[in-house]
Protein chains: 2
Amino acid sequence: MNIGAAAERTCLPPKTIRYYEDIGLVAAPRDANGYRAFGAAELHKLAFLGRARTLGFTIEDCRTLLALWEDKRRSSENVKRVAEVHLKAIEQKIAMLQSLKQTLSDLVENCAGDERPECPILDDLAGKRI
Amino acid sequence: MNIGAAAERTCLPPKTIRYYEDIGLVAAPRDANGYRAFGAAELHKLAFLGRARTLGFTIEDCRTLLALWEDKRRSSENVKRVAEVHLKAIEQKIAMLQSLKQTLSDLVENCAGDERPECPILDDLAGKRI
DNA sequence: GGTGGGGCTTCCAGTTAGTGGAAGGTCAAG
DNA sequence: CTTGACCTTCCACTAACTGGAAGCCCCACC
């Protein structure tokens with residue numbers, strides 16, 4: 001299967017698949033003409049990567065998870081640790097964004113949003129606290 | 001005031017201040033020796049930028065907001081629009097992260113996390129839905 | 001057999017918002 | 001006069017791709 005078909009099956013752009021090969025995540029063997037030939041194994045790895053990426057794991061996380069996935073003697077403990085660290089990071093990001101949202105929506109609410117120049121948003125940015 | 005002092009006052013690293021000059025956000029005049037000389041105006045702009053960045057505005061948003069801030073004939077409507085778009089983006093990001101967190105914490109919860117190789121996290125990534 | 005269009009290859013450059021480091025000029029203290 | 005801290009510029013690197021150019025390759029159509 002050529003890269004275009006593999007891209008369609010895995011919902012990853014061809015560019016991304018080539019990039020994953022570049023950084024050593026998934027290598028497909030080549031046909032005589034130099035085209036990449038994707039088999040079931042490569043498709044599975046790509047799908048694995050796609051899912052892991054949509055779950056927000058970094059590429060380096062993916063590398064680790066892929067290695068664990070391939071290691072039949074792995075312990076689930078290792079996988080769980082990676083996932084838990086990632087989960088903590090997500091929770092922190094959510095908390096940060098929520099406090100950000102609070103501040104920003106307060107500012108937006110207090111702004112008239114009309115033709116006049118007075119603007120509490122700019123005042124806040126400039127450091128004049130209300 | 002030299003860049004080091006300006007950095008301390010504005011809580012921005014010197015590198016960042018130089019970068020902001022590079023991309024045309026804030027330019028400080030120079031002393032005879034070539035050192036940047038920061039006055040009150042530049043410090044205010046830098047503080048404005050620092051605050052806007054911690055609120056998650058992009059550099060391009062900052063450029064717009066800075067221009068509006070300097071324009072005494074601005075209408076607060078324009079500012080509010082920028083802030084509202086940003087707020088919407090934040091809300092979307094929060095929603096995405098929360099659904100992510102849900103999925104991931106479900107997976108983590110179902111993983112034994114011991115020395116056995118069975119792992120629902122990897123199963124999910126591989127596409128075997130529980 | 002030639003041609004056209006699409007798909008494939010590689011490589012280079014750009015994205016965001018800085019950060020790290022090297023090479024060299026400047027300043028104030030001892 | 002030297003030392004160390006500070007300043008300057010410039011280049012390279014980060015994450016995870018994405019866009020585009022130049023050049024093969026394959027297949028269908030005439």
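Below, chain A is the first sequence line, B the second, and so on; all start at residue 1.
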| CA sep, side-chain torsions, deciding dist, call: A:R36, A:E21, salt bridge (charged side-chain N to carboxylate O under 4.0 Å, His left out) | CA-CA 10 Å; A:R36 288 171 184 82; A:E21 186 182 287; 3.0 Å; yes
| task | Measure the distance from CZ on B:R63 to P on C:dA17 and round it to the nearest whole Å. | result | 10 Å
| note | Ranking D:dT8, C:dT9, D:dT18 by distance to the side chain of A:R36, first place goes to C:dT9
| task | Name the closest nucleotide to the A:K15 side chain, picking from D:dG19, C:dG25, D:dT9. | result | D:dG19
| Whole angstrom value for the distance that separates C1' of D:dT9 from CD1 of B:I17 | 17 Å
| query | Taking only side-chain nitrogens and oxygens of B:N33, does any of them come within less than 4.0 Å of OP1 or OP2 of C:dC27? | reply | yes
| said: Counting only side-chain nitrogens and oxygens, does A:T58 get under 4.0 Å of the OP1 or OP2 atom of D:dA15? | reply: no
| Nearest-Å distance, CE (B:M1) to P (C:dC27)? | 18 Å
| query | Okay, side chain of A:S76, backbone of B:G113: is any donor-acceptor separation there less than 3.5 Å? | reply | yes
| task | Give me the ring orientation class for A:W69 and A:F48: parallel if the planes are under 30° apart, tilted from 30 to 60°, perpendicular past 60°. | result | parallel
| said: Using a 4.0 Å heavy-atom cut-off, does B:P14 contact any base of the nucleic acid, only the sugar-phosphate backbone, or nothing at all? | reply: nothing
| field | B:T16 vs C:dA17: side-chain N/O to OP1/OP2 distance below 4.0 Å | value | no
| Rounded distance (Å) that lies between atom C1' of C:dA17 and atom CZ of B:R18 | 16 Å
| note | Rounded to whole Å, CG of A:D22 lies from C1' of C:dC11 at a distance of 10 Å
| field | Comparing A:F57 and A:Y35 on DNA chain D - which has the more 5′ nearest nucleotide | value | A:F57
| query | Quick one: which of C:dA17, C:dG7, C:dT10 gets closest to the side chain of B:R53? | reply | C:dA17
| query | Could you give the CG-to-C1' distance, from A:N2 to D:dC24, as a whole number of Å? | reply | 14 Å
| query | Are B:T10 and B:L49 close enough that some pair of their side-chain heavy atoms sits under 4.5 Å apart? | reply | no
| task | Choose from D:dT8, C:dT9, D:dC17 the nucleotide whose nearest atom is closest to any side-chain atom of A:Y19. | result | D:dC17
| request: Give the rounded distance in Å between these two atoms: CD1 of B:I3 and P of C:dT19. | output: 12 Å
| field | Contacts of B:E60 that satisfy side chain to side chain donor-acceptor pair (under 3.5 Å) - sequence neighbours left out | value | B:R63
| What is the nucleic acid contact for B:Y20, judged by heavy atoms within less than 4.0 Å: base, sugar-phosphate only, or nothing? | sugar-phosphate
| Rounded to whole angstroms, how far apart are CG on A:L12 and P on D:dC17? | 8 Å
